[in-house]
Amino acid sequence: LREENAILRSKINKLQILSETQADKMRKLEKKLEENKIKEEKEAQDLEAMVQHVEQNLQLMTKRAAKAENSVAKLRQENAQLQAELRNSRLEKEELRAGQAGLAVAKQNAEVALQHLLQVTTSSRASIRQLLSGAESLQLVADLLKSIDRISEVSEDGQ
């Protein structure tokens with residue numbers, strides 16, 4: 001009976017040691033789980049902040065593109081007006097040439113109108129290039145947002 005009692009005590013001691021070891025492992029795993037939760041929350045916050053930053057940039061680029069479009073529309077309108085002035089100047093020039101009166105003045109007016117038209121044309125082209133650049137930037141941001149969605153889908157699947 002004493003021998004059996006000693007065996008049982010030995011088993012109880014072994015079980016207590018095993019229980020303490022498993023309790024330590026469980027505490028370590030719980031700590032690691034908590035650290036992982038904190039890490040995931042921080043990553044989610046960082047990702048949200050990045051998405052907000054990208055959205056702000058997208059809004060800013062959209063505003064810039066709208067301003068560029070308005071500018072292009074105004075420049076096109078001004079270009080049309082200047083072309084009409086140029087046509088009128090050319091007609092006036094022809095009339096003056098036919099009448100031989102004030103030829104120098106008409107020629108000068110036509111030259112000024114032509115220079116003005118060339119300046120507006122150059123400015124219009126630059127604005128159109130700027131608008132196209134803004135559109136390409138918006139496309140890049142849209143592609144970035146798509147890839148962020150894919151990253152967050154992969155992260156959710158990994159949990």
Side-chain angles (χ1 to χ4, degrees), residues 17-98 102-159:
I17 292 171
L18 180 64
S19 174
E20 289 174 6
T21 303
Q22 288 178 349
D24 285 343
K25 284 183 183 178
M26 193 166 102
R27 281 190 291 276
K28 287 178 184 177
L29 288 173
E30 286 175 345
K31 183 179 178 183
K32 189 172 184 177
L33 178 64
E34 187 63 31
E35 288 172 356
N36 285 343
K37 282 182 182 179
I38 291 170
K39 183 180 176 184
E40 285 179 10
E41 287 175 5
K42 185 181 181 326
E43 288 174 355
Q45 289 172 352
D46 290 347
L47 185 61
E48 181 64 29
M50 185 174 71
V51 168
Q52 288 177 354
H53 183 70
V54 169
E55 286 175 350
Q56 288 172 350
N57 285 343
L58 181 61
Q59 289 174 351
L60 182 61
M61 286 184 208
T62 302
K63 287 179 183 177
R64 286 182 183 166
K67 283 182 181 179
E69 287 175 359
N70 288 338
S71 177
V72 166
K74 287 177 184 177
L75 289 172
R76 283 184 179 160
Q77 184 179 12
E78 187 177 340
N79 191 8
Q81 288 174 348
L82 289 172
Q83 285 179 351
E85 283 181 30
L86 180 61
R87 281 192 298 272
N88 290 339
S89 294
R90 285 182 179 165
L91 288 174
E92 185 180 322
K93 180 181 172 182
E94 291 300 319
E95 289 173 1
L96 289 174
R97 209 179 253 172
L103 181 60
V105 173
K107 187 174 182 179
Q108 185 179 7
N109 287 343
E111 193 64 36
V112 168
L114 177 61
Q115 291 302 319
H116 204 55
L117 178 61
L118 291 174
Q119 288 174 351
V120 169
T121 302
T122 303
S123 176
S124 297
R125 286 182 181 153
S127 294
I128 289 170
R129 278 190 219 107
Q130 186 181 20
L131 177 62
L132 290 174
S133 174
E136 290 172 358
S137 295
L138 287 174
Q139 183 63 45
L140 178 65
V141 171
D143 292 343
L144 178 63
L145 287 174
K146 285 180 186 176
S147 67
I148 288 173
D149 286 343
R150 284 190 225 125
I151 290 171
S152 58
E153 287 175 10
V154 168
S155 294
E156 290 174 7
D157 291 344
Q159 292 177 357

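Being a predicted model, the structure only gives us computed values, none of them experimental.
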How long is the gap from CD on Glu92 to CG on Asn109, to the nearest 0.5 Å? 6.0 Å

Using the rule side-chain contact (heavy atoms from CB on, under 4.5 Å), only one of Thr121, Leu82, Leu86 pairs with His116; which is it? Leu82

Please round to the nearest 0.5 Å and tell me the distance separating atom NZ of Lys67 and atom OG of Ser127. 13.5 Å

Value for CD (Gln77) from NZ (Lys74), rounded to nearest 0.5 Å, stands at 9.5 Å

Cut-off 3.5 Å, side chains only: do Gln139 and Asp143 have a donor facing an acceptor? yes

Asp24 and Lys28 ion-paired at < 4.0 Å: no

Can you tell me how far CD of Glu85 sits from CD of Glu78, rounded to the nearest 0.5 angstrom? 9.0 Å

Distance col, row Arg129:CZ vs Leu131:CG, nearest 0.5 angstrom, shows 12.5 Å

Looking at Ser89 and Ala113, what are the two nearest heavy atoms and their distance? OG-CB, 4.1 Å

Roughly how far, to the nearest 0.5 Å, is CG of Leu58 from CD of Glu55? 8.0 Å

Please assess Thr122 against Gln119 for the test side-chain contact (heavy atoms from CB on, under 4.5 Å), listing each intermediate value before the final yes or no. CA-CA 5 Å; Thr122 303; Gln119 288 174 351; 5.8 Å; no

Would you please test Glu35 and Ile38 for side-chain contact (heavy atoms from CB on, under 4.5 Å) and show each step? CA-CA 5 Å; Glu35 288 172 356; Ile38 291 170; 5.8 Å; no

